[in-house]
Student: 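The structure that follows is given in the form of structure tokens.
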Amino acid sequence: MTDATSRDGTASGATAQPVGGAKGPDELRRQIEQTRGQLGDTVEELAGKADVKGRAKARAADLRDKAGAMTVQLRSTATQAGHTAQDRAGRAGHTVQDKAGRARHTAGRRVPGGARGPVRAGLGHPRAMLVAGAAAGAVVAVGLLSRRHQGHC
């Protein structure tokens, strides 16, 4: 008995085969084909492990795919946030316009002396006030989204 042979007459290792000759030419051909197949699988596995460049390319392609998917997701989130900010800014602008209309009626009575000039200037330009309110709303929305995004990273 050799080191590669166990007590029951089989070779030790992952591909245990009976030790000894085949029981005819057909059995021998079958064993040869089986051994060739196993050897081919082993060579292919070793070649795959040795192909560092190919594995690096496959990993890079995988990372590119993930980055592309994340880009699509971030764009979608940004678009949705933009729509939300636009809606909120529009509502804030309408609120500003309503309050400006009410303030016109009471501008002379309730506004302190030093603030009358700027208040009258704002009342004279309701569109500018609407744009300023919308911009302020957008800045607040972007700030909130940025804080939310930083909290998830």
Side-chain angles (χ1 to χ4, degrees), residues 3-6 8 10-18 27 29-153:
D3 289 337
T5 307
S6 66
D8 63 357
T10 59
S12 62
T15 58
Q17 295 289 327
E27 175 77 17
R29 284 186 193 100
R30 188 191 60 73
Q31 287 178 358
I32 290 171
E33 287 303 315
Q34 184 178 5
T35 303
R36 281 184 183 160
Q38 291 171 346
L39 182 61
D41 292 343
T42 303
V43 168
E44 189 176 311
E45 186 178 324
L46 289 173
K49 288 182 179 180
D51 185 16
V52 175
K53 186 176 180 180
R55 289 185 2 221
K57 283 183 178 180
R59 176 77 174 139
D62 184 44
L63 291 174
R64 269 193 306 275
D65 291 345
K66 286 181 181 178
M70 187 172 276
T71 299
V72 168
Q73 183 179 7
L74 288 174
R75 283 185 181 161
S76 173
T77 302
T79 300
Q80 183 178 4
H83 290 306
T84 301
Q86 201 172 24
D87 290 344
R88 288 182 181 172
R91 281 184 272 166
H94 290 299
T95 302
V96 167
Q97 271 189 332
D98 291 343
K99 288 186 180 185
R102 284 188 230 132
R104 268 192 209 122
H105 294 39
T106 60
R109 290 178 272 171
R110 294 190 184 165
V111 177
R116 284 187 183 153
V119 169
R120 285 190 181 145
L123 292 175
H125 302 286
R127 283 192 182 152
M129 294 300 291
L130 175 64
V131 170
V139 167
V140 169
V142 168
L144 289 174
L145 288 173
S146 130
R147 286 175 71 200
R148 185 182 304 164
H149 178 68
Q150 288 174 352
H152 288 282
C153 291

Student: Under the side chain to side chain contact (heavy atoms under 4.5 Å, CB included) criterion, do Glu33 and Arg29 qualify, and how do the steps go?
Tutor: CA-CA 6 Å; Glu33 287 303 315; Arg29 284 186 193 100; 5.6 Å; no

Student: For Ile32, give me all partners under side-chain contact (heavy atoms from CB on, under 4.5 Å), at least two apart in sequence or on another chain.
Tutor: Leu28, Arg36

Student: Measuring from Gln34:CD to Leu39:CG, what's the distance to the nearest 0.5 Å?
Tutor: 12.5 Å

Student: Just jot down the salt bridge (Lys or Arg N to Asp or Glu O under 4.0 Å) partners of Lys49, sequence neighbours excluded, or say none.
Tutor: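 Glu45.
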
Student: Got a second to check how far Leu46's CG is from Asp51's CG, nearest 0.5 Å?
Tutor: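 Between atom CG of Leu46 and atom CG of Asp51 there are 12.5 Å.
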
Student: Is a side-chain N or O of Thr42 found less than 3.5 angstrom from the main chain of Gln38, in a donor-acceptor match?
Tutor: yes

Student: Closest heavy-atom contact between Ala85 and Ala138?
Tutor: CB-CA, 4.5 Å

Student: Report the residues that fulfil side chain to side chain donor-acceptor pair (under 3.5 Å) with Gln86, sequence neighbours left out, ordered by chain and then residue number.
Tutor: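 Partners of Gln86 under the side chain to side chain donor-acceptor pair (under 3.5 Å) test: none.
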
Student: If you draw a 6.0 Å radius around CD in Gln80, do more than 12 non-hydrogen atoms from other residues or ligands fall strictly inside?
Tutor: no

Student: According to salt bridge (Lys or Arg N to Asp or Glu O under 4.0 Å), does anything in residues 63-92 pair up with another residue at least two apart or in another chain? List the pairs.
Tutor: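 Output for this query lists Asp62-Lys66.
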
